[in-house]
Amino acid sequence: MPVADLYPIPFATLVSRMDRELIDSKSIYDLPRREWWTPAPGLDTSMVHFGTRIATPVGPASGPHTQLAQNLVLSWLVGGRFMELKTVQVNDELEIPRPCIFVPHVGYNVEWSQELRVPQSALEYAKGWMLVHMLASEHGPGLWPGTDAIWDISLGYDLEGIRSEKVRNYLDSMRDAENLIQGLRTEIPESLAHWRDVDVPTCISNTITLSTFHGCPANEIESIAKQTLEWGFHTVVKLNPTLLGHARCRQMLDKMGYDFVHLNPEDFEKDLHWDQLLPMIERLEQLADGLGLGLGVKFTNTLVSQSEEPPFGEGEMYLSGPPLHVLAYTLASEFRAATHDRIPITFSAGVDPQNFARCVAGGLGPVTSCSDLLKARGYGRMCKYLRGLEQEMAEAGVENLEDYQAAIGGPAHLHETAANLTDDPRYHRSANEKAPKKVGTELELLDCLTCDKCIPVCPQHANFSLAVEPGEHNPGHVQWAGNAYQTSAAPPLVVGKRHQIGTLADACNLCGQCDPWCPEDGGPYLAKPNLFLDPQAFADHPNRHGFHVAIDRQSLTWRRSPNEQLTYTIVGGEAVLRTDSGAIWLVNDIPVRTEGEGELDLALAVIMRLYLEAWQKEEIPSWLPPR
């Protein structure tokens, strides 16, 4: 499997594309306007979290939806106002297996921390922060009264790492991002200078959610939380489903039909226990009160487990989705019963359009989602959460969340719901074992079913569509030596569809999630054209096939394998196709002269011409940098 690194999209490209798409406001970053959330008249879905009012109680959980700037924008467009950023830790050179995400129904992953270097993470979060302020400004579409959002820092995993200079610098830059913001302003081209003047607060975040990874001892968790509070950050401690204990967790999973999910009792023994949690929270709450800060908890992290279902091989993996929802909701209910309602409980576990409003009604919030956003419609599913909440508020005859929670029942509703969850068939294996349908055909470079399912399910927003001129081509085969060449017949190249699929290699981390949702076999991220924007990304990955377009869009390089690379360049009325051993000059796909030696199926030249022509169309939004 080829290695994948992320090469963030330059800020100038992000701003330029957004500006171009705002001309007609039909979409932003390919997200159609029908998926955008706008406030419903007469309904206030806002909540206050640690003194800051946010317009909605929902957002993406820390994970693949909160790592790159464009993903934060997409999350904000669909109504996310609490962005739990991808977890940052001192070790920023992880080697994560590929594929690393598998969510055909329930969720599995082996991805657990940022894939960017720590300073890159800070810059991406600053880029996303600036872009949403631009969208909410007078230069945006005028659909939102303000950003009304929190960028929440997710931090792990040990005290020594958090105290390192690298992480401290990151935290300082998130609390005061003036240098990052000013630097990004200078990257905005002169033609878009009006975006430079948008007012952007320099404090990106003053809240932290501590990701207490499995195996982190109780005293270490408390020491980390104590430290972040003393540094002046509101702090939420994310807890693990292992708090239920092995026997109880096993019993609940078995009752719901997940007996094939293997649990290791040792993972439960070395994790935080309930009798350690409550006194720890009491001590931290006293400290937070004394410092004038907020303290909360979050239920829950994913469940460490093993399963033969995902394509990860043997070893630990992390379970999420419907079964985790039952475990986490049960813990949230029991924590609320054991403490008091002044401790906020943020929540993330199997949240979906059907249970989101119920989570809010029970007093949980902000509520975040990940696994559900990896399914059909992707980011757009979050807007459906909010429309469902608004409908329930309207039916209850209330205008704000406080009245909605009072009308539905608050903590009493939380406890009543939790008591019945293991009996709810929608969380059982029988309701969550049907994978998306496969049709038995193999993906190829050109043409597919073009159902576009792979585009919204990609958490990095790396898959895209491209308009390529359809038709049948018969360029033949050419063999040449020096300036002598001979052509012969070859099978025709048939481009059956104008609508083609590609993958932006710079943003694709080979997570594999588009594969189970594609009706065909082979994985779009592996079979479809990979477009490299950054020449360094192209050079760094010689084992990954793909295309690189020159900045002037007059030349296209296609690496078909580590040992074969072709370059197609338009020169006046001709095109020249260069191979490792020679070159062919073409007019209307027909050879007119040659040099060097070799032989080639000229269908390759046609493919390169078609893609280069498609990527030359600047009126069609793409991630290619503006000329």
Side-chain angles (χ1 to χ4, degrees), residues 9 13-40 55-56 58-60 64-66 68-81 83 128 131-132 134-137 139-144 147 149 352-353 356 369 372-391 436 448-468 497-504 507-508 513-514 517-519 524 528 531 614 617-624:
I9 296 171
T13 302
L14 290 164
V15 176
S16 298
R17 176 167 180 175
M18 184 176 74
D19 183 81
R20 185 170 65 250
E21 288 183 288
L22 282 172
I23 293 173
D24 57 20
S25 289
K26 291 181 179 178
S27 68
I28 295 176
Y29 298 165
D30 291 324
L31 183 76
R33 182 167 179 152
R34 65 178 179 274
E35 305 277 17
W36 304 355
W37 174 81
T38 53
T56 73
V58 70
H65 299 96
T66 58
L68 298 175
Q70 67 269 22
N71 305 132
L72 292 166
V73 172
L74 292 168
S75 297
W76 188 84
L77 284 169
V78 295
R81 294 299 183 268
M83 311 297 188
L131 288 165
V132 300
M134 292 174 178
L135 283 170
S137 74
H139 302 303
L143 302 174
W144 308 279
T147 54
D352 61 29
F356 168 71
S369 178
D372 186 62
L373 303 183
L374 293 164
K375 298 180 180 179
R377 286 185 60 192
Y379 289 90
R381 296 173 71 89
M382 190 175 290
C383 186
K384 193 174 180 181
Y385 300 2
L386 290 166
R387 294 305 179 212
L389 174 62
E390 290 165 347
Q391 182 177 346
C448 60
L449 295 180
T450 57
C451 62
D452 285 1
K453 290 181 180 178
C454 63
I455 296 176
V457 301
C458 175
Q460 310 287 356
H461 195 56
N463 293 330
F464 60 87
S465 63
L466 186 70
V468 173
K497 298 181 179 180
R498 181 180 298 276
H499 188 80
Q500 301 288 335
I501 300 295
T503 296
L504 179 60
C508 175
Q513 177 56 14
C514 59
W517 284 89
C518 175
K528 286 301 178 182
L531 171 64
K617 297 174 182 176
E618 290 200 54
E619 70 276 11
I620 299 175
S622 77
W623 289 122
L624 286 170

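Ser465 approaches His499 most closely through the heavy-atom pair CB-CE1, 3.2 Å. Across all their heavy atoms, Cys383 and Trp36 have their closest contact at SG-O, 3.7 Å. Of all heavy-atom pairs spanning Pro141 and Leu22, the tightest one is CD-CD2, 3.7 Å. Taking all atoms of both residues into account, the shortest heavy-atom contact from Ala69 to Gly128 is CB-N, 3.7 Å. When all heavy atoms are compared, the tightest approach of Ile28 to Met18 is CG2-CG, 4.3 Å. Considering every non-hydrogen atom in both Arg381 and Pro353, the closest pair reads NH2-CD, 4.1 Å.
Taking CG of Leu373 as the start and CG of Leu74 as the end, the distance is 11.0 Å to the nearest 0.5 Å. Note that SG of Cys448 is 5.0 Å distant from CD1 of Ile501, once rounded to the nearest 0.5 Å. Atom OG of Ser75 is separated from atom CZ of Arg81 by 10.0 Å, given to the nearest 0.5 angstrom. From Gln460, atom CD reaches atom SG of Cys508 across 8.0 Å, with rounding to the nearest 0.5 Å. Leu77 CG to Tyr29 OH: the interatomic distance, rounded to the nearest 0.5 Å, is 9.0 Å. Leu449 CG to Cys518 SG: the interatomic distance, rounded to the nearest 0.5 Å, is 7.0 Å.
Classification of Asp30 and Arg17 as a salt-bridged pair holds, one side-chain N sitting under 4.0 Å from a carboxylate O.
Among Ile9, Asn463, Leu624, the single residue meeting the side-chain contact (heavy atoms from CB on, under 4.5 Å) criterion with Leu504 is Ile9.
With a 4.5 Å cut-off on side-chain heavy atoms, Leu72 and Thr66 count as touching. Within the 4.5 Å cutoff, the side chain of Cys451 has heavy atoms near those of the Pro519 side chain. Leu135 places a side-chain heavy atom less than 4.5 Å from the side chain of Val73. Side-chain atoms of Gln70 and Trp623, non-hydrogen and from C-beta on, do get closer than 4.5 Å to each other. Taking 4.5 Å as the limit, every side-chain heavy atom of Thr450 sits out of range of all side-chain heavy atoms of Arg498.
Lys375 contributes no side-chain N or O that, together with a main-chain N or O of Val457, makes up a donor-acceptor pair within less than 3.5 Å. A donor-acceptor pair is defined here as one N or O able to donate and one able to accept, closer than 3.5 Å; no such pair exists between the side chain of Thr56 and the backbone of Gly80. Side chain of Ser137 to main chain of Met134: a donor-acceptor pair is present (N/O by atom type, distance under 3.5 Å, no hydrogens or angles). Without hydrogens or angle criteria, Gln513 side chain to Leu374 main chain gives a donor-acceptor distance under 3.5 Å.
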Problem - Step-by-step side chain to side chain contact (heavy atoms under 4.5 Å, CB included) determination, Leu531 to Thr503 - result: CA-CA 6 Å; Leu531 171 64; Thr503 296; over 6 Å; no

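Atom NZ of Lys384 is surrounded by 12 or fewer heavy atoms from other residues, nucleotides or ligands within 6.0 Å. In the displayed structure, Lys26 atom NZ is contacted under 6.0 Å by at most 12 heavy atoms of other residues, nucleotides or ligands.
Checked against the 6.0 Å centroid criterion, the rings of Trp37 and Trp144 do not qualify as a close aromatic pair.
Ring planes of Tyr379 and His65: perpendicular class, angle over 60° (limits at 30 and 60°).
Side chains of Tyr385 and Asp372: a donor-acceptor N/O pair is present below 3.5 angstrom, by distance only.
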